[in-house]
Amino acid sequence: MSFTTPPRPLDVTALFPQLAPLARTATRLHPRPGSPTPYESSVGGPLLWPADEPWPHCDEPHDSEASDKMHSPDEIRLLRRIRTAAAERRRRDPEAPAFTPEEREIQQRLRKGHPWVDGPIPMIPVAQLYARDVPLPGSPPGADLLQVLWCPCDHEEFAHPRTALRWRSSASVTDVLDAPPEPRVIQFDWYLPMPCLLAPEQVTEYPSPMELSKELQEELGDESRWEAAGHAWDATGAESPQEFYFRNLSHAPGWKTGGWTRWGLTDPMPRPCAACGTETIPLLTVASGEWDPGSQTWMPEEERTNPTLLPLRTQPGNVTLLNIADAYDLQLHVCPVSADHPHIELVQ
């Protein structure tokens, strides 16, 4: 199905005309649980991977102290099915037991997990995006498919998965790998994406307030200017006009391609390409959620009017069941000069 982002609470360019030339188009992916095939754009789905091409492994040093209760991919999937079944049971009958005796036994058995496993780790699919569905900033000539994979274990210098990008022509893949290798264990259950289909939608974004000029930041924070325009910026619970702008008017939360970089964990910083020094551009945002209590204005209209469309057993908007560095986003930036140059990983 399609999803529609509601109109913004106000036309911010009418209040601040300086923002108009800074508008950028982003594509919200709207991932929702499904059963994707290698021939569809997806999050956490199977990849259109050539059968004769080696599957990528991560052989860099991993943080063996990050977790001592790891599960296999199949165990994570089993635990998720149990939780989903329990949530559906309780939805149908609020008096029903949370779990059956069999479900409790399985959860108890899997609670102890598995010990650390050394050696190269097969990477797992995170996203597959066809250009026919989603605009792909920085794509090389002839490529119509982007595949993103990551290592499902932390590294000592990075408390988030390390990613790999593959650009390819889908027409060149005639024999598809049907059983890619999987890691024996995954460091955290929330590093295995829930398979999701996508419903791409383009929206307009503006820069983070921290990327605006000092003069425009001061104008943005002038409460009298908002009052004169007749807009109650605090109606959504924002503590300041800047917070209202950040959460509701600047950039869309959730999975997306393109648009503006979302800052907040750190101040804005240059992101030059390590190979040529050119400033990199946002490619893909891997999000821990599609919205939160402070940004519910981005919740699709369809799920507002029909809450039963919301997946069971998820945090607000966290349909992929991922969690990046305690509910932040992992933003991938690429060099606009060459797709062969290394990409940048930014947690914000």
Side-chain angles (χ1 to χ4, degrees), residues 1 3 29-36 42-46 66-117 124-126 152-154 159-161 182-199 237 253-255 286-296 298-300 302-329:
M1 64 177 302
F3 291 100
L29 301 185
H30 294 305
R32 297 297 184 270
S35 300
S42 67
V43 165
S67 175
D68 59 358
K69 295 182 180 180
M70 297 181 288
H71 293 119
S72 71
D74 282 342
E75 289 171 343
I76 295 173
R77 296 178 185 118
L78 175 57
L79 289 168
R80 287 177 177 175
R81 288 196 296 271
I82 289 174
R83 293 165 189 153
T84 300
E88 175 63 19
R89 195 161 49 241
R90 294 296 293 272
R91 185 185 70 82
R92 295 177 180 274
D93 179 8
E95 303 300 321
F99 299 102
T100 67
E102 294 78 11
E103 292 169 343
R104 290 187 184 279
E105 189 277 329
I106 293 173
Q107 293 183 90
Q108 183 65 32
R109 173 167 51 85
L110 298 182
R111 188 168 291 136
K112 62 182 180 180
H114 299 286
W116 175 257
V117 178
I124 59 178
V126 177
C153 295
D154 284 346
H160 63 79
E182 289 195 320
R184 290 175 58 188
V185 292
I186 290 177
Q187 194 141 37
F188 301 106
D189 293 5
W190 52 86
Y191 282 174
L192 180 66
M194 172 70 75
C196 291
L197 293 166
L198 309 181
W255 287 72
V286 178
S288 295
E290 290 295 283
W291 63 85
D292 59 30
S295 58
Q296 289 189 14
W298 294 96
M299 184 179 179
E302 291 79 1
E303 291 172 331
R304 290 170 179 272
T305 56
N306 188 1
T308 61
L309 295 175
L310 290 171
L312 295 169
R313 294 291 297 176
T314 65
Q315 296 298 319
N318 186 10
V319 296
T320 63
L321 302 183
L322 297 183
N323 189 334
I324 306 297
D326 196 18
Y328 286 96
D329 296 342

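When reading the values below, keep in mind they use all heavy atoms of this one structure, side chains included, and skip hydrogens, waters and symmetry mates. Predicted model only: the values in this text are computed from it and were never measured. FYI, the numbering just counts along the sequence from 1.
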Can you find a heavy atom in the side chain of [X] that is under 4.5 Å from one in the side chain of [Y]?
{"X": "Val319", "Y": "Met194", "value": "no"}
{"X": "Met70", "Y": "Ile186", "value": "no"}
{"X": "Ile76", "Y": "Asp189", "value": "yes"}
{"X": "Cys153", "Y": "Trp116", "value": "yes"}
{"X": "Leu322", "Y": "Val286", "value": "yes"}
{"X": "Arg111", "Y": "His71", "value": "no"}
{"X": "Leu197", "Y": "Ser35", "value": "no"}

Q: Tell me yes or no: between the side chains of Arg104 and Gln107, is some donor less than 3.5 Å from an acceptor?
A: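 Judged by distance alone, the side chains do not pair up.
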
Q: Check whether the side chains of Asp154 and His160 place a donor and an acceptor atom closer than 3.5 Å, and report yes or no.
A: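 Side chains of Asp154 and His160: no pair found under 3.5 Å.
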
Q. Between Ile106 and Ile82, does a side chain to side chain contact (heavy atoms under 4.5 Å, CB included) hold up when you go through it step by step?
A. CA-CA 9 Å; Ile106 293 173; Ile82 289 174; 3.7 Å; yes

What distance separates [X] [atom1] from [Y] [atom2], expressed to the nearest 0.5 Å?
{"X": "Ser288", "Y": "Asn323", "atom1": "OG", "atom2": "CG", "answer": "4.5 Å"}
{"X": "Leu321", "Y": "Arg80", "atom1": "CG", "atom2": "CZ", "answer": "4.5 Å"}
{"X": "Asp292", "Y": "Glu290", "atom1": "CG", "atom2": "CD", "answer": "11.5 Å"}

Q: Not counting sequence neighbours, which residues clear ring-ring contact (aromatic ring centres under 6.0 Å, His included) with Trp190? List them please.
A: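 If we apply the ring-ring contact (aromatic ring centres under 6.0 Å, His included) test to Trp190, skipping adjacent residues, the hits are Phe188.
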
Within the side chain of [X], is there an N or O that forms a donor-acceptor pair under 3.5 Å with the backbone of [Y]?
{"X": "Arg304", "Y": "Met299", "value": "yes"}
{"X": "Glu103", "Y": "Thr100", "value": "yes"}
{"X": "Trp298", "Y": "Trp291", "value": "no"}

Q) Is there a side chain to side chain contact (heavy atoms under 4.5 Å, CB included) between Val117 and Val185 once you walk through the steps? A) CA-CA 7 Å; Val117 178; Val185 292; 4.0 Å; yes

Q: Give the C-alpha distance, both sets of side-chain angles, the deciding distance and a yes or no for side chain to side chain contact (heavy atoms under 4.5 Å, CB included) between Leu192 and Arg77.
A: CA-CA 9 Å; Leu192 180 66; Arg77 296 178 185 118; 4.2 Å; yes

Q. Within a reach of under 6.0 Å around CZ of Arg109, are more than 12 heavy atoms found that belong to other residues, nucleotides or ligands?
A.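 Yes - once you tally the heavy atoms of other residues, nucleotides and ligands closer than 6.0 Å, there are more than 12.
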
Which atoms form the tightest heavy-atom contact between [X] and [Y], and what is the distance?
{"X": "Pro183", "Y": "Pro152", "answer": "CG-CG, 3.8 Å"}
{"X": "Pro193", "Y": "Gly44", "answer": "CB-CA, 3.8 Å"}
{"X": "Tyr191", "Y": "Ala159", "answer": "OH-O, 3.9 Å"}
{"X": "Ala287", "Y": "Thr320", "answer": "O-OG1, 4.1 Å"}
{"X": "Asp329", "Y": "Ile324", "answer": "C-CG2, 4.1 Å"}

Q: Establish, for the pair Arg83 and Phe99, whether the NZ or CZ atom is under 6.0 angstrom from the six-membered ring centre and no further than 45 degrees off its axis.
A: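 No, Arg83 does not sit over the ring of Phe99.
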
**Q.** Stepwise salt bridge (charged side-chain N to carboxylate O under 4.0 Å, His left out) test for Arg32 and Glu302
**A.** CA-CA 13 Å; Arg32 297 297 184 270; Glu302 291 79 1; over 6 Å; no

Q. Considering residues at least two apart in sequence or located in another chain, which fulfil the side-chain contact (heavy atoms from CB on, under 4.5 Å) criterion with Ala96?
A.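 Ala96 satisfies side-chain contact (heavy atoms from CB on, under 4.5 Å) with Arg89, Arg90, Asp93 only.
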
**Q.** Pro195: partners by side-chain contact (heavy atoms from CB on, under 4.5 Å), with sequence neighbours left out
**A.**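 Pro36.
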
Q. Taking His114 as the fixed residue, which of Lys69, Glu75, Arg184 is the one that meets the side-chain hydrogen bond (donor to acceptor under 3.5 Å, both in side chains) rule?
A.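 Only match with His114 under side-chain hydrogen bond (donor to acceptor under 3.5 Å, both in side chains): Glu75.
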
